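What follows is one structure encoded as structure tokens, with my remarks underneath.
Predicted model, so just to flag it, every value in this text is computed and none were measured. To find a chain, count down the sequence lines: A is the first, B the second, and so on, and within it residues start at 1.
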Number of protein chains: 2
Amino acid sequence: MSMSKPVMKEILQRAKNILDEYLNDQNLRKTAERYSVLEELYYLPQDEHIDVETLFLRMRNKEYTISRATVYNSIDLLVECGLVVKHNFKDKNALYEPALTYEHHDHLVCNNCLKIKEFLDPSIEEIKKRVGKSVGSEIKHHSLVFYGDCTIENCENLKRKEVVSS
Amino acid sequence: MSMSKPVMKEILQRAKNILDEYLNDQNLRKTAERYSVLEELYYLPQDEHIDVETLFLRMRNKEYTISRATVYNSIDLLVECGLVVKHNFKDKNALYEPALTYEHHDHLVCNNCLKIKEFLDPSIEEIKKRVGKSVGSEIKHHSLVFYGDCTIENCENLKRKEVVSS
DNA sequence: GTTACTGCAAATAGTTTGCACCTAG
DNA sequence: CTAGGTGCAAACTATTTGCAGTAAC
């Protein structure tokens with residue numbers, strides 16, 4: 001709520017402008033709810049991803065009055081206009097994060113504590129180009145997720161059972 | 001049902017052996033259902049992925065008597081022992097494919113017709129190694145999905161609306 | 001004023017669970 | 001014989017939908 005680093009404010013402003021433009025172009029209405037959802041998502045600290053229900057409850061606990069349905073609708077719209085990214089990590093429900101906040105990055109999900117880390121390795125772009133050319137597709141987006149066991153000694157919250165498959 | 005190329009039979013046999021071993025190790029029972037689900041999945045042609053409901057219906061339409069719950073249970077078990085891979089493609093429900101059938105590959109989902117193509121680009125392995133080393137994680141699996149617009153002229157089934165985000 | 005958007009509650013879809021019965025070991 | 005597994009139906013969870021009321025333009 002008060003965690004507004006200058007950098008963030010600037011990025012949020014950019015995001016709002018893009019949303020303005022998109023709503024204008026598509027003849028959609030500039031409702032308070034759409035901007036609140038955008039703002040709330042852009043206030044997420046780096047490495048944090050949020051699901052609809054949590055976002056809804058978080059907003060309800062603040063000054064906002066918003067319904068679950070509207071959170072779903074707004075967030076979909078934000079994904080459509082490219083301001084928010086949706087992730088479908090294995091065995092989790094959909095998680096969202098702001099798209100403009102940081103450079104493009106991919107994700108590493110810890111098999112043990114289920115925490116999500118972000119990483120960036122530019123050579124994925126080369127693979128995209130190579131594959132796109134070879135199969136005749138103009139690749140627009142990608143999703144790259146690694147699943148690994150962290151090498152941290154006593155990874156605090158081992159939510160998975162010990163049953164390892166081999 | 002009768003599409004049993006020699007290669008496939010051989011791979012299926014390998015899969016069955018692995019399942020045998022796994023069930024032995026874990027003191028689980030060798031039920032007919034578990035083997036039927038395995039078989040049915042291994043009969044899928046390349047590039048085809050199947051969801052639980054379709055698999056269930058398909059089995060019901062054959063000689064099998066199996067319940068939905070058992071399909072869910074068995075398929076989970078097959079994923080755990082590494083014989084089947086589960087995918088969570090964007091906006092689709094969980095899809096499964098045999099793990100032993102072909103070399104490891106990744107997927108390209110067409111934004112227009114939603115078809116799934118498979119591709120293989122070995123340099124993803126280098127990224128895995130590099131990232132794993134840098135963040136201190138032993139990366140076990142990965143999921144790489146590209147989303148692109150095919151450059152085929154009149155891609156037959158345009159299921160998506162034309163609304164493009166920019 | 002008109003029409004899109006919102007909130008609510010009911011509906012849906014995919015998956016999980018509880019429990020009586022069955023069967024592999 | 002006796003757990004573990006199966007089938008069925010009911011429960012649950014995430015998301016979508018229908019509709020009456022509200023507000024953006």
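- Between A:Asp51 atom CG and D:dA14 atom P there is a gap of 8 Å when expressed in whole angstrom units.
- B:Tyr72 has a side-chain polar atom (N or O) that falls below the 4.0 Å cut-off from OP1 or OP2 of C:dT15.
- Nucleotide D:dG4 holds its P atom 16 Å from the CG atom of B:Asn24, rounded to whole Å.
- Separating the CD atom of B:Gln26 from the P atom of C:dG25 is a distance of 15 Å, rounded to the nearest angstrom.
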Problem set entry | Worked check of salt bridge (Lys or Arg N to Asp or Glu O under 4.0 Å) between B:Glu126 and B:Lys129 | CA-CA 5 Å; B:Glu126 290 160 31; B:Lys129 272 184 214 145; over 6 Å; no

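- To the nearest 0.5 angstrom, A:His107 atom NE2 is 3.0 Å from A:His49 atom NE2.
- Considering only residues two or more places apart in sequence or on other chains, B:Gln13 meets the side-chain hydrogen bond (donor to acceptor under 3.5 Å, both in side chains) condition with B:Asn17.
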Exercise. Under the side chain to side chain donor-acceptor pair (under 3.5 Å) criterion, do B:His141 and A:Asn111 qualify, and how do the steps go?
Worked result: CA-CA 10 Å; B:His141 304 288; A:Asn111 285 331; 5.8 Å; no

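- Taking atom CG of residue B:Asp20 and atom C1' of nucleotide C:dG25, one finds them 14 Å apart after rounding to whole Å.
- D:dA3 atom C1' lies 16 Å from atom NZ of B:Lys30, rounded to whole Å.
- If you take CZ of B:Phe56 and P of C:dT16, they are 15 Å apart, rounded to a whole angstrom.
- Rounded to whole angstrom, the span from the CG atom of B:Asn88 across to the P atom of C:dA13 amounts to 20 Å.
- Residues A:Ile66 and A:Val37 have side chains in contact (heavy-atom distance under 4.5 Å, counting atoms from C-beta outward).
- More than 12 heavy atoms of other shown residues, nucleotides or ligands fall within 6.0 angstrom of atom NZ in B:Lys30.
- Side-chain contact between B:Thr70 and B:Phe56: absent, with no pair of heavy atoms (C-beta onward) separated by less than 4.5 Å.
- For the pair B:Tyr96 OH and C:dT15 C1', the interatomic distance rounds to 9 Å; values are reported in whole Å.
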Exercise. How does DNA chain D look in dot-bracket notation if pairs are Watson-Crick or G-U with both distances under 3.5 Å, crossing ones as [ ], other-strand ones as |?
Worked result: |||||||||||||||||||||||||

Problem set entry | Per-nucleotide protein contact string for nucleotides 4-11 of chain C, where B marks a base within reach and S marks sugar-phosphate only (heavy atoms under 4.0 Å, - for neither) | BSSBB---

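- Across A:Arg58, A:Arg34, A:Lys62, A:Lys16, a single residue satisfies salt bridge (charged side-chain N to carboxylate O under 4.0 Å, His left out) together with A:Glu39, and that is A:Lys16.
- In this pair, A:His87 and A:Phe89 present their aromatic rings parallel. The plane angle is below 30°, not in the 30 to 60° band.
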